Structures are given as C-alpha cells and as structure tokens.
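Following: one structure in structure tokens, then a few remarks.
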Amino acid sequence: MSAPAATPRGRLAPSPTGALHLGNLRTFALAWLSIRSRGGSVVLRIEDLDGPRVKPEATAQLVADLRWLGFDWEEGPDVGGPRGPYVQTERRPLYTAALERLRESGAVYPCTCSRREIEAALSAPNGPADEGARYPGSCSARFADEAAARAAAGGREIAWRFRAPHEEQHWEDLVRGSSAHDVQAGVGDFVVWRGDAAYQLAVVVDDAAMAIDEVLRGDDLFTSTARQLLLYRALGWRPPRFAHVPLVVGTDGRRLAKRHGDTRIARYREAGIAPERLIGWVGSSCGLSARGSERTLRELLPRFSLEALPRERVVLDEREHERWFR
Ligand code: GLU
Ligand code: ZN
C-alpha cells in the first residue's frame with residue numbers, strides 16, 4: 001500500500017441526500033482532525049450521483065453547516081482548486097473514461113438482470129442487509145459482447161459488473177488494523193455502472209484523481225473498501241490508506257436516525273446552541289475532552305491521534321442528548 005505522502009490529503013465526501021447530523025458530523029470531524037493533525041490538506045467533494053435521493057438544496061446546507069461548525073478545506077465546490085470540479089455530477093467524463101478502460105481489459109461485463117431475477121436465481125437470497133442479495137454471476141459468460149447484451153435487454157438499461165476474484169482483499173486499516181474481506185463471497189461481481197457511475201467506481205476515480213491518500217469514513221463502508229481495492233488494481237492506480245471509524249448508534253444499538261430524535265446540525269444552530277457544544281461532544285466521544293465541555297475543532301487537534309481512537313461504537317443516549325443540547 002502507499003507510503004504516506006509528505007503532506008497528507010484527505011477528503012470530506014458528503015452525499016446531499018439528507019441533512020448533516022451528529023452521526024456524520026463525528027465521522028467528518030475525525031477525517032478533518034486526522035489530516036490536520038499532520039499538517040495535511042482537506043478536499044470537500046459533493047457525492048451527488050445518487051439521482052432520486054439527492055435533494056437540490058442539501059449541498060448549500062451541508063457547506064453552511066460544515067462552515068458553521070468550524071471546518072475548512074483547501075479545495076472544494078465553493079473555493080475551487082486544481083483538481084476540480086468537486087461535484088460528482090460535473091465529473092462524468094472521468095467516470096466514462098474509467099469504465100472504458102475496464103471494458104477494454106475485460107474487467108467488467110454487461111448484465112441485463114433485474115433485481116427480481118437475481119433474487120430468483122439464488123437459493124438463499126440473503127446477502128448483507130444493506131447491499132441486497134449476492135449476485136450469482138448469471139451474466140458473466142452470457143453475452144458475446146455489449147451489442148448482444150443490449151439486444152437481449154430490449155431497450156432496458158444494462159449494467160456493467162466487475163469480475164470479482166475468489167480471494168480476500170487485505171489492507172492495513174488505520175483504525176481497525178489488519179483487515180480482510182472477500183468480495184466474491186460478499187456481494188459477488190458488483191455493479192460499477194448502471195445508467196451512471198456507481199458509487200464504487202466514482203469514489204475510486206475521484207480519490208485517485210484528487211490525489212487523496214487517506215480515506216477516513218464510517219465503518220458501514222468497510223466492505224466497500226475491498227471492492228475499491230479491486231478497482232484500484234484493475235485501473236493501475238495506487239490506493240489510499242483507509243480508516244474506518246465506528247458509527248454513532250442510539251441506545252437501541254441502531255444507527256443514529258430520526259427515531260432517536262432530531263440531531264440535524266441545522267436544528268442546534270436554530271436553537272442557539274454553540275458549535276463548540278457539538279464539537280465538544282465529538283471530543284468527549286473520542287476521549288479528547290471532558291463530557292459536557294465546549295471545544296473548537298482546532299482545540300481538539302493537539303491531543304488527536306488515530307491510534308488512540310476508541311474502537312467501540314459510540315452510543316448517543318437519547319436522554320443525555322436532551323440534557324446536553326437543550
Ligand atoms: N458519500 C458517502 C456517504 O456520504 C461517503 C463515501 C466515502 O466516504 O467513501 O456515505
Ligand atoms: Zn446479470
């Protein structure tokens with residue numbers, strides 16, 4: 001894996017599909033702290049390829065929330081930079097070019113299956129809950145070429161799937177340590193394109209083109225890292241280092257969501273709560289500051305280290321939340 005660059009480059013990569021809340025604030029804060037604590041630069045990239053789920057006003061709100069919280073970045077949609085554009089829907093030519101390379105090398109194949117067909121082809125249709133069923137490879141040898149697939153699809157959209165090898169991908173995770181995941185056993189041959197670049201392809205193209213060498217994100221994306229490592233290898237690019245941090249959960253152990261109360265950053269701001277209260281909560285959740293203390297991101301920098309980060313999931317107690325952010 002890559003040697004650390006002189007000045008590390010990290011990124012914040014929000015999807016404008018909803019409001020910034022305490023859960024993603026913690027992940028973004030850790031990404032920012034990790035890079036800034038080593039004097040590196042931060043890139044803001046808006047991941048808006050998820051068509052139907054993207055809310056048009058969410059990007060401006062995200063930027064405003066992050067600024068209010070004290071985040072800064074050297075490159076991003078609002079400040080520009082040499083490796084832009086910093087909004088995924090403006091980067092489509094790069095994704096098309098990468099898909100073209102994967103097609104030329106035979107790393108991907110066309111797939112005409114609908115979700116229902118995939119589930120019907122499986123005896124036990126229980127893939128990882130968030131990712132749907134494992135793709136059984138039905139189309140891997142079905143079509144002689146793209147034209148044959150298009151003819152078979154009869155006007156329906158075709159997808160491009162990456163041929164995942166039967167082997168584990170290994171990486172040294174900066175938070176979880178020695179890590180491994182078998183993509184073929186997990187999701188199987190995975191989609192890199194369906195009408196548009198899929199997340200897996202877009203994120204690899206962008207992180208490579210933006211010279212990102214550290215990706216710190218929530219551990220819901222842990223298994224995605226193995227897929228992304230396969231794409232880096234197929235495209236001949238050097239992967240960044242990865243760090244997966246635990247998500248914030250409610251006392252029921254489930255990922256922070258509406259049912260746990262309103263934790264949107266905008267609502268604290270509207271209620272007159274200082275950003276330092278929220279950053280103070282992040283600090284205390286990492287053992288960097290006392291419970292209930294107020295902090296700025298910069299004040300958390302001196303004591304920050306990825307190695308010292310707690311590995312457990314962070315539980316936001318609904319009652320404690322009420323007390324803190326009244
Ligand atoms: N845009 C993704 C999200 O908000 C993050 C992708 C990544 O960090 O790789 O979940
Ligand atoms: Zn198929």
Side-chain angles (χ1 to χ4, degrees), residues 10-21 23-28 30-32 34-35 42-50 53-55 58-59 62 65-66 86-89 91 108-122 130-143 146 148-150 152-153 156-163 175 187-194 197-208 210 212 214-229 231-232 239-245 247-248 255-256:
R11 42 55 156 205
L12 310 174
S15 302
T17 50
L20 188 68
H21 56 78
N24 36 36
L25 159 60
R26 184 175 189 273
T27 303
F28 289 144
L30 297 179
W32 187 96
S34 178
I35 293 295
V42 175
V43 174
L44 175 68
R45 179 174 73 232
I46 304 296
E47 305 210 319
D48 61 345
L49 282 184
D50 196 352
R53 295 182 55 227
V54 167
K55 305 200 175 72
T59 297
L62 276 167
D65 288 349
L66 289 168
Y86 296 94
V87 176
Q88 285 192 325
T89 47
R91 300 177 60 79
V108 295
Y109 60 84
C111 166
T112 57
C113 301
S114 65
R115 194 171 294 270
R116 185 175 308 161
E117 282 166 336
I118 294 168
E119 270 156 22
L122 291 163
D130 55 334
E131 299 181 317
R134 175 180 171 274
Y135 181 67
S138 325
C139 296
S140 64
R142 186 179 276 174
F143 305 111
E146 183 179 345
R150 291 210 184 276
R156 267 191 307 138
E157 193 82 71
I158 64 166
W160 289 91
R161 287 186 183 268
F162 186 90
R163 290 180 201 282
V175 171
V187 292
D189 295 342
F190 57 95
V191 172
V192 296
W193 196 280
R194 194 193 295 277
Y199 158 70
Q200 307 293 348
L201 181 63
V203 80
V204 164
V205 168
D206 288 348
D207 284 334
M210 293 178 181
I212 300 301
E214 179 178 300
V215 169
L216 186 151
R217 58 190 173 194
D219 62 11
D220 54 327
L221 291 169
F222 181 80
T223 62
S224 285
T225 293
R227 275 169 267 175
Q228 291 166 25
L229 286 171
L231 288 173
Y232 277 101
R241 298 187 305 160
F242 291 96
H244 292 89
V245 299
L247 296 178
V248 179
R255 184 175 173 163
L256 205 62

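Start at 1 and go down the list; that is how both ligands and their atoms are numbered. Owing to the predicted nature of the structure, the values given are computational and were not obtained by experimental measurement.
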Provide, to 0.1 Å, the distance between atom 1 (N) of ligand 1 and the closest protein heavy atom, together with that atom's residue and name. E47 OE1, 2.6 Å
Measuring from atom CD of E157 to atom SG of C111, what distance do you get when rounded to the nearest 0.5 angstrom? 11.5 Å
Under 3.5 Å donor-acceptor, R163 side chain and S140 backbone: yes
If you stand at the Zn ion (ligand 2) and look out to SG of C111 and OH of Y135, what angle do those two lines make, to 10°? 100°
State the CG-OH distance between L12 and Y86, to the nearest 0.5 angstrom. 13.0 Å
Hey, does the side chain of R161 reach the backbone of D189 with a donor-acceptor pair shorter than 3.5 angstrom? yes
Proximity of N24 to ligand 1 by residue part, where a heavy atom lies under 4.0 Å: neither
Identify, by atom number and element, the atoms of ligand 1 in contact range of Y199, meaning under 4.0 Å from any of its heavy atoms. 6 (C), 7 (C), 9 (O)
Heavy-atom contacts under 4.0 Å between R11 and ligand 1: side chain, backbone, both, or neither? side chain
Can you sort out which atoms of ligand 1 are near V203, meaning under 4.0 Å from one of its heavy atoms? 9 (O)
For the residue pair R217 and F242, establish whether any side-chain heavy-atom pair is separated by less than 4.5 Å. yes
Please write down residue, atom name and distance for the protein heavy atom closest to atom 5 (C) of ligand 1. A13 O, 3.5 Å
Just jot down the ligand 1 atoms closer than 4.0 angstrom to any heavy atom of R217, in number order. 7 (C), 8 (O), 9 (O)
Between atom CZ of R45 and atom CE of M210, what is the distance when rounded to the nearest 0.5 Å? 5.5 Å
Students should be able to answer this: which protein heavy-atom is nearest to atom 4 (O) of ligand 1, and at what distance? S15 OG, 3.2 Å
Identify which one of V215, V204, L221 satisfies the side chain to side chain contact (heavy atoms under 4.5 Å, CB included) criterion when paired with Q228. V204
